[in-house]
Amino acid sequence: MRLKGKNLIVTGGASGIGLATAERALQEGASVVLADLEQGDGAQRARALDGRHGGRCLFVPADVGDTAQADALVAPTVEALGSVDVVFNNAGIGGMAPAVDYRDEDFLRTIDINLTGVFRVARAALRQMYRQGAGSIVNNASILGVLGQTQTAAYSAAKGGVINLTRTLALEAAAHGVRGNAVAPGYIDTPLIAELPREQREALVRLHPLGRLGRDVEVAHAVVFLGSDEASFITGAYLLVDGGYAAGKS
Ligand code: NAI
């Protein structure tokens, strides 16, 4: 069991990649705090997973766009589970528009959730991990943090920021026994992209040499690995989980 006895916080844990990662972590012996927006179905999802694989699964409502709520994720985790061993910074939003049409408020909102949100939760977790002298942070970037794509000015800027933020956090945290890495998924079949018209989905499929979109659990496997002690000499890295998307482009 890769995460036996470890306690995770998964932001955006009520859906898609976050939920799949929570379940994989539980299967690997962990306990999990699912953090997500209060109005979603995180509480119900956590109840359904609590105890199913042996570990605890608790819901803590938190908007990563709010510093106080990000800070307030750590104390209940430590209180209920004893430590914060792994954080998966996964909460994120989409959004597309040509750069010339992007409104300030939409651009800033995407940066605030997808980049500053990662920073807020990482900062809160690192304070605890430094006290523990151990921990591992995995940030969910994107293939669009590595490659550009039209109509994604805010999203790709945020995700590129996540990759370089990850490197800097890894450098600062190393002396404290804490690692930091990122995953960079290609297009994954989750609610985030479920509503795209069929032609657009087919165009996305063609971007991946493996000939399909990814599955949420395929990202979860990578997160579990990076979070676990099997990745004990890996820090400051990003792992592509992209069906070969970047292979012909970088
Ligand atoms: P999803 O829409 O299924 O899940 C996102 C979750 O984040 C939702 O439960 C939502 O309520 C939560 N969330 C949104 N704003 C939040 C906030 N302010 N505070 C706390 N929680 C918040 O989407 P999916 O696809 O699972 O995305 C998860 C992450 O993976 C995102 O960061 C996304 O950018 C990234 N990603 C997704 C890809 C895809 O193709 N689906 C590809 C590459 C990266």
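Whatever order the structure lists ligands and atoms in, that order sets their numbers, starting from 1.
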*Give the minimum heavy-atom separation between Met129 and Val178, together with the two atoms involved.*
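Where Met129 meets Val178 most closely, the heavy atoms are CB-CG2, 3.7 Å.
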inquiry  = So which atom in Ala80 and which in Leu58 form the shortest heavy-atom distance, rounded to 0.1 Å?
reply    =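 Where Ala80 meets Leu58 most closely, the heavy atoms are CB-CD1, 3.5 Å.
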To which of [options] does the heavy atom nearest [atom] belong?
atom                    : options                      : answer
atom 29 (C) of ligand 1 : Val121, Leu19, Asn90, Ile188 : Asn90
atom 11 (O) of ligand 1 : Asp36, Leu37, Ile17          : Asp36
atom 42 (C) of ligand 1 : Ser142, Gly186, Gly214       : Gly186

Is any N or O atom of [X], backbone or side chain, closer than 3.5 Å to an N or O atom of ligand 1?
X      : answer
Asn114 : no
Tyr155 : yes
Ile143 : no
Tyr187 : no

- Task: Number the atoms of ligand 1 from 1 as they appear, then name those within less than 4.0 Å of a heavy atom of Ala62, with their elements.
- Result: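 Close to Ala62: 19 (N), 20 (C).
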Item to complete: Report, in ascending order of atom number, the atoms of ligand 1 lying under 4.0 Å from any heavy atom of Ala91.
Response: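 That gives atoms 7 (O), 20 (C), 21 (N), 22 (C), 32 (O) of ligand 1.
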- How does Asp63 reach ligand 1, by side chain, by backbone, by both or by neither, if only non-hydrogen atoms under 4.0 Å count?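 Both backbone and side chain.
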Notebook entry, point to check: Side chain, backbone, both or neither: which part of Ala141 comes within less than 4.0 Å of ligand 1 when only heavy atoms are counted?
Noted result: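 Just the backbone.
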Taking atom CD of Glu105 as the centre, report whether more than 12 heavy atoms of other residues, nucleotides or ligands fall under 6.0 Å from it.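 Yes - once you tally the heavy atoms of other residues, nucleotides and ligands closer than 6.0 Å, there are more than 12.
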- Task: Mark yes when over 12 heavy atoms from residues, nucleotides or ligands other than Glu38 sit less than 6.0 Å from its CD; otherwise mark no.
- Result: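 No, CD of Glu38 has 12 or fewer neighbouring heavy atoms, counting only those of other groups under 6.0 Å.
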query = With a 4.0 Å cut-off, would you call Asp71 and Arg120 a salt bridge?
reply =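 Salt bridge between Asp71 and Arg120, a charged N being under 4.0 Å from a carboxylate O: no.
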Inset, instruction - Find the distance between CD1 (Ile188) and CD1 (Ile193) and round it off to the nearest 0.5 Å. - result: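 One gets 7.5 Å once the value is rounded to the nearest 0.5 Å.
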